[in-house]
Structure formats: structure tokens, C-alpha cells
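Structure record follows, encoded as C-alpha cells.
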Amino acid sequence: DLTKIIGGKHIMATSVENTSSMTISPDGSVKRSSSTRTIHHPAPEPQSPSDALVARLRSAGQDHVLSFWAELSVADRAALEDDVSAVDVEALDRWYTAATRYSDSPDGSKAKLEPIPHDAIVTNTSVEPTATVLKCQEIGLQKVGEGKVAAMLMAGGQGTRLGSNKPKGMFPLGLELDPTLFQLQAHRLRRLTELGKAATGKECRVPWYIMTSGATQKETVAFLEANKYFGLDSADVFIFEQNLIPCLTTKGKMILKSKHALARAPDGNGGLYRAVREAGVLADMEKRGVEYVHIYGVDNALVQIADPIFVGTVAHTNADVGNKSCLKSSPNEKVGVICIKNGKYQVVEYSEMDEATCALRREDGQLLFAAGNICNHLYTTQFLRKACEMEEKSCVHHVAHKKIPFVDPSGTLVQPKEPNGIKLEKFVFDVFVLAEKLTVLEVSRGEEFSPLKNASAAGSDCVETVRKMMYARNRRYLAAAGATFVDATGSALDPATLTEEHVCEISPLVSYAGEGLENIVKTQSPFTFPIYIRP
């Protein structure tokens with residue numbers, strides 16, 4: 001092939017032809033001569049997209065993505081063909097059709113909604129744990145110690161709303177001992193393995209599966225590697241990436257973000273199942289003998305990772321799914337509710353429930369639909385496998401209207417000021433419809449739920465409220481162990497009057513959930529602020 005490609009452009013190639021001749025003169029002598037000529041070979045035109053790809057795109061009504069083909073360099077043509085060829089356009093059309101049909105005709109107001117039955121709820125909101133909770137904790141610690149428990153972190157989000165383009169797990173919390181969510185969670189896992197060993201006498205491991213996205217994968221890996229996985233064995237940290245799917249116009253057409261690339265977005269936290277299926281996660285769990293998987297979101301600073309009480313609750317009730325829940329604070333709180341919809345377990349979004357339904361109350365005055373969802377789930381590995389195998393056909397994508405940058409017919413990049421397209425997403429809890437038995441573990445918001453979602457100016461679910469709730473929980477841990485608090489003059493402080501100014505940090509390496517603090521209290525109480533309890 002004489003074609004040369006320089007800088008993505010085809011140029012003329014050349015070859016040299018040598019010729020020679022011989023003549024005999026009248027006197028019989030021989031004369032030889034030679035000559036050369038340069039032959040110019042015109043470079044062939046770059047290859048057109050394959051006929052099969054063009055036919056498939058045309059059949060799906062998506063051939064507009066090749067509109068700029070004639071203008072593209074060879075490299076860009078190859079990139080576009082690879083990008084588009086990776087899309088199952090037939091499946092994409094099915095997803096769009098099903099999602100928009102549901103979006104245009106939501107059935108929330110027509111559906112039969114029932115609260116979770118009382119006997120399917122275990123409550124862990126008391127200061128003193130109940131006998132049931134203690135039993136579940138014992139079962140759970142045994143499972144942890146036997147190496148039958150894993151944690152799965154959904155960490156695909158960036159801190160965009162926090163004013164950062166880095167992975168949310170890396171966002172600085174303003175804490176001295178554990179400055180990021182990643183570090184907090186890694187240290188809590190390390191402490192959990194110590195508790196599992198104490199319960200069983202066995203060395204144990206709790207593998208940490210981390211699902212990232214295209215936006216967070218590289219930085220997450222680099223951050224954990226740079227910090228040596230915060231003391232965890234790297235062999236127990238399995239990082240995998242969720243899929244990106246094309247963004248669409250409201251008519252279902254794929255959007256180009258440049259002349260040679262599709263606009264893509266993560267497929268929601270419900271994309272976990274496809275990613276698990278494709279990344280070999282289930283095989284790794286089976287090799288390790290994992291039976292229970294805790295699945296949670298990165299932004300909850302108070303999350304109790306692979307919580308033994310949670311594990312034991314699911315095991316004790318023979319459920320295939322567990323869902324932690326906090327009671328709704330009011331009928332109109334904008335939070336999804338775990339309930340039974342048309343005979344199947346589901347999380348129903350607040351936007352799908354009318355005001356009258358939200359306001360219904362039980363005889364004791366509590367809201368009828370009170371089980372607020374906090375993205376904190378526990379599955380048996382058997383159910384996780386079932387979800388991975390069946391979610392494609394059983395769960396419909398949701399439509400999210402977004403502002404999606406695109407190239408217009410002239411090839412100019414446009415930054416829309418209003419939503420101009422849609423992203424198709426699935427939610428992690430969509431697979432609840434596949435559960436045969438679901439148990440709700442009701443927990444206290446102050447003990448287990450403080451999400452980091454907003455910039456400081458919002459005044460809620462921000463880094464300031466995270467620190468406030470962490471300090472308060474730690475003070476309660478110390479008080480429960482017998483601690484008292486004094487001011488700089490030695491005067492006693494009433495724990496009920498303490499605020500976010502009374503800093504109290506306890507490393508998760510010292511205590512997973514308030515246990516093991518008695519000896520520290522005996523030697524250090526009364527405490528003055530700020531309080532930092534290190535390993």
C-alpha cells in the first residue's frame with residue numbers, strides 16, 4: 001500500500017522505476033544506458049463507513065450522525081465509526097420508546113399503593129438496641145467474620161453542585177482525621193474486619209467494589225493508589241466503570257457533541273447491574289464466597305458500610321433484599337418512599353404520589369407512607385445475580401430532561417440555555433420489583449443519613465451540615481460510653497446545648513459505631529473541645 005497518512009491527511013505517494021537498454025554499434029561494440037522515472041500514485045479516498053453500519057443506522061432513523069463524514073479527517077472518521085458501531089441502536093430505540101411511554105403516561109395516581117407491612121419492618125431507632133437488633137448484630141458479625149459480606153459503592157458522581165469537578169468521594173470535608181468520604185469509608189471497613197475477627201476468631205476480608213463513571217474512573221483510581229487504599233489490601237478493592245449511553249433529542253435522535261463524537265451520559269445508578277454483569281464482579285464474589293452485598297451511594301457521610309445489623313436483619317428474616325429507611329419528616333418531603341405498588345415492592349418517587357396520598361396517616365398518627373428511601377440497600381448475592389440477569393427486560397429507563405451541548409447543522413457547537421434533550425437512566429432500586437421478600441430496617445436520620453449534595457450556600461445537605469451531624473453523633477457515642485464535657489474553665493456542659501462549634505472527631509479506625517470507647521472515656525473524661533480521638 002503506497003498510501004501515506006501524515007497528520008490525518010492523505011498525500012500523494014511515489015515510486016521509482018528503473019529501466020536499462022543495450023545497443024550494438026556497427027563496429028560490434030556494445031553500449032549500455034539506463035534511465036529512471038518517477039511514478040506518482042494518487043492516494044485513494046478514505047474508506048466510507050461500512051455498508052452494514054449505514055444500513056443499520058438508516059433503518060433506525062439515526063443516519064444523521066454521519067452528516068459531517070465528508071468533512072472529517074481519516075482519524076476522526078475512524079473514531080466516529082467506532083463510537084457509533086458500539087451502539088445497539090435497536091435496543092436504544094426500545095429503551096427510548098418504553099421510557100417516554102412511561103414518562104408521558106405515569107401511572108402513579110392510578111396505581112394501587114400499599115405501605116410495607118408492619119411485620120416486614122425492623123426498627124433500630126432506640127437509644128438502647130432491642131433484643132431483635134442485638135440478635136441481628138450477632139448474626140451479621142458472624143457473617144462478616146466468615147468472609148461472607150461485601151460492600152459495593154456507587155461512586156460515579158462528581159461534586160459539580162459542590163463547586164468541584166472531582167469525584168465526590170474526594171471532596172474535602174473540612175475534617176482533621178478523615179478529610180474525604182473515601183477515607184472515612186475505607187477506615188470504617190478496616191475497623192469492621194477487626195470486629196468480624198473478634199466475633200469469630202478468624203482473619204476476614206470485606207471486599208470493596210467501587211463503581212465509577214467515565215468522569216470519575218481515572219481520578220478515583222489515582223487517588224486510592226496514591227493513598228495506598230487507606231490501608232486496605234488492594235486485592236480487596238475492585239474498581240469497575242458503569243456504561244455511557246447516547247443522549248437523545250426529545251424525538252429519540254442521537255445527539256452529536258462534535259462532528260465525530262456522540263454525546264453520552266452515564267446510565268444512572270441502576271446501570272450498576274449491567275456494569276456488574278460485564279465487569280466480572282459476580283464471578284469475583286463467588287470465588288470469595290460472598291453471600292451478602294451492601295450497596296450504597298458515595299455521598300452519605302454517616303453510612304455504616306456493610307453494617308452487621310443490616311446484614312443480620314436480612315439473614316434473620318430470610319429476605320432477599322433489605323432497604324434502610326428513615327421516616328419522612330413531613331408529608332411533602334421530597335423523598336421517594338418504599339412501598340408496594342400493584343403488588344410489587346417499589347420505591348415510588350414523591351412526584352408520582354398526589355398530596356392526598358402523601359398525607360394519609362395510620363391510627364397512631366404516623367404517616368401511612370413514611371418509609372423514606374435513602375439509597376442504602378442490602379442484597380443476597382443470589383438476588384444480585386437475578387437482578388443482573390433480569391433487569392434488562394424487567395425495568396424501564398427513566399427520562400431526565402437535560403441541557404446537552406450539541407453541534408448544529410453548520411457544525412457549530414451550541415451550549416443550550418434550556419433543556420434540549422434527554423438522558424435515559426435507571427435507578428438502582430428499580431429491581432425491587434423482582435424481590436420475593438423485602439425487609440425494611442428503619443434507622444435514625446441523625447445516626448445514619450447525612451448526604452453531601454449541595455454547595456454551602458444551600459444551607460442543607462452541604463459540607464457544614466455533614467460536619468454538624470458527624471460531630472453530634474460522635475458526642476453521643478462518647479456520652480453513651482460515660483463521657484462528660486467541660487468548657488475551658490472546667491465547668492460542666494449540658495450535652496443537649498452543644499452545637500457544631502463543639503468539634504468532636506472519632507476515627508472510624510477506633511470505633512465503627514460507638515463500640516470500644518469505654519477505656520478511652522475512663523482515661524480522658526471529662527473532655528474539653530475540640531475532641532480528636534485517633535488510633
Side-chain angles (χ1 to χ4, degrees), residues 150-175 177-193 205-245 264-282 284-285 288 290 293-306 375-377 384 423 425-428 450-455 463 466 508-509:
M152 186 173 291
L153 167 63
M154 296 178 291
Q158 296 171 288
T160 308
R161 287 161 62 184
L162 308 174
S164 168
N165 61 359
K166 293 185 176 298
K168 192 177 285 188
M170 293 169 54
F171 188 81
L173 301 176
L175 299 173
L177 303 187
D178 293 276
T180 66
L181 293 166
F182 282 149
Q183 183 168 331
L184 270 172
Q185 294 169 19
H187 283 178
R188 190 157 276 117
L189 275 178
R190 285 175 58 188
R191 174 62 180 167
L192 180 61
T193 60
R205 296 170 177 265
V206 180
W208 197 19
Y209 300 91
I210 303 175
M211 183 179 75
T212 63
S213 67
T216 65
Q217 169 82 1
K218 290 182 180 179
E219 285 191 276
T220 297
V221 171
F223 182 72
L224 292 175
E225 288 180 346
N227 288 281
K228 298 180 180 180
Y229 298 92
F230 298 107
L232 294 171
D233 188 333
S234 61
D236 294 328
V237 181
F238 189 123
I239 302 174
F240 62 105
E241 189 174 341
Q242 75 182 109
N243 289 280
L244 299 174
I245 61 175
R264 290 175 176 265
D267 50 358
N269 58 19
L272 174 136
Y273 305 106
R274 179 181 172 193
V276 163
R277 192 168 63 237
E278 295 176 353
V281 171
L282 284 169
D284 188 75
M285 288 182 178
R288 295 172 180 269
V290 172
V293 187
H294 179 214
I295 301 174
Y296 67 100
V298 69
D299 58 5
N300 182 7
L302 299 185
V303 66
Q304 301 287 43
I305 304 171
C375 195
N376 197 326
H377 319 302
L384 178 60
K423 296 179 181 180
E425 302 173 333
K426 285 188 175 181
F427 300 148
V428 66
S450 182
L452 178 61
K453 294 183 178 295
N454 302 321
V463 71
V466 162
L509 293 172

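The figures here come from the full heavy-atom set of this structure, side chains too, leaving out hydrogens, waters and symmetry mates. Along the sequence shown, residues are numbered consecutively beginning with 1. Owing to the predicted nature of the structure, the values given are computational and were not obtained by experimental measurement.
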Starting from the C-alpha separation in whole Å, work towards a yes-or-no answer on side-chain hydrogen bond (donor to acceptor under 3.5 Å, both in side chains) for Y209 and D284. CA-CA 10 Å; Y209 300 91; D284 188 75; 2.6 Å; yes
Given side-chain contact (heavy atoms from CB on, under 4.5 Å), test H187 with F230 step by step and report yes or no. CA-CA 7 Å; H187 283 178; F230 298 107; 4.0 Å; yes
Could you give me the CA-CA distance, side-chain angles and deciding distance for Q304 and N376, then say whether side-chain contact (heavy atoms from CB on, under 4.5 Å) is met? CA-CA 10 Å; Q304 301 287 43; N376 197 326; over 6 Å; no
Please walk me through it: do L384 and L282 pass side-chain contact (heavy atoms from CB on, under 4.5 Å)? CA-CA 8 Å; L384 178 60; L282 284 169; 3.9 Å; yes
What's the verdict on side-chain contact (heavy atoms from CB on, under 4.5 Å) for M211 and L153, showing C-alpha distance, side-chain angles and the deciding distance? CA-CA 6 Å; M211 183 179 75; L153 167 63; over 6 Å; no
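A distance of 5.5 Å separates NZ in K168 from NZ in K453, rounded to the nearest 0.5 Å. The line from CZ of R191 to CG of L509 is 9.0 Å long, rounded to the nearest 0.5 Å. Expressed to the nearest 0.5 Å, how far CE of M170 lies from CD of Q183 amounts to 12.0 Å. L175 contributes atom CG, which lies 9.5 Å from atom OG1 of T180 (distance to the nearest 0.5 angstrom). L162 CG to F171 CZ: the interatomic distance, rounded to the nearest 0.5 Å, is 4.5 Å. For the atom pair I295 CD1 and C375 SG, the distance stands at 9.0 Å (nearest 0.5 Å).
Counting only distance, with no hydrogens or angles, the side chain of Y229 and the backbone of A186 share no donor-acceptor pair below 3.5 Å. Checked by atom type and distance alone, the side chain of R188 never pairs as donor or acceptor with a backbone atom of P508 at under 3.5 Å.
Using a 4.5 Å heavy-atom cutoff, the side chains of L189 and Q185 are not in contact. Side-chain contact between L272 and M154 is present, with at least one heavy-atom pair separated by less than 4.5 Å. A 4.5 Å side-chain heavy-atom check between L224 and I210 finds at least one atom pair inside the cut-off. Looking at heavy atoms from C-beta onward, P167 lies out of side-chain contact with T212 at the 4.5 angstrom threshold. Considering only heavy atoms from C-beta on, P172 stays 4.5 Å or farther from P179 through its side chain. In this structure, Q242 and D267 have side chains that are in contact, with non-hydrogen atoms separated by less than 4.5 Å. Between T216 and Q158 the shortest side-chain heavy-atom distance falls below 4.5 Å. Between K426 and N269, the closest side-chain pair of non-hydrogen atoms is not below 4.5 Å.
The aromatic rings of F223 and F182 lie tilted to each other, with the angle between the two planes from 30° to 60°. Using the six-membered ring where Trp is involved, F238 and F240 have ring planes that are perpendicular, over 60° apart on the 30 and 60° scheme.
Closest heavy-atom contact between S450 and N300: N-OD1, 2.9 Å. The heavy-atom pair separating M152 from V281 by the smallest distance is CE-CG1, 3.9 Å. Across L184 and A301, no two heavy atoms sit closer than the pair CD1-O, 4.3 Å. Scanning both residues, L173 and D178, for their nearest heavy atoms gives CD1-O, 4.3 Å. Scanning both residues, K423 and A265, for their nearest heavy atoms gives CD-CB, 3.6 Å. Closest approach of A306 to H294, counting heavy atoms only: N-ND1, 2.8 Å.
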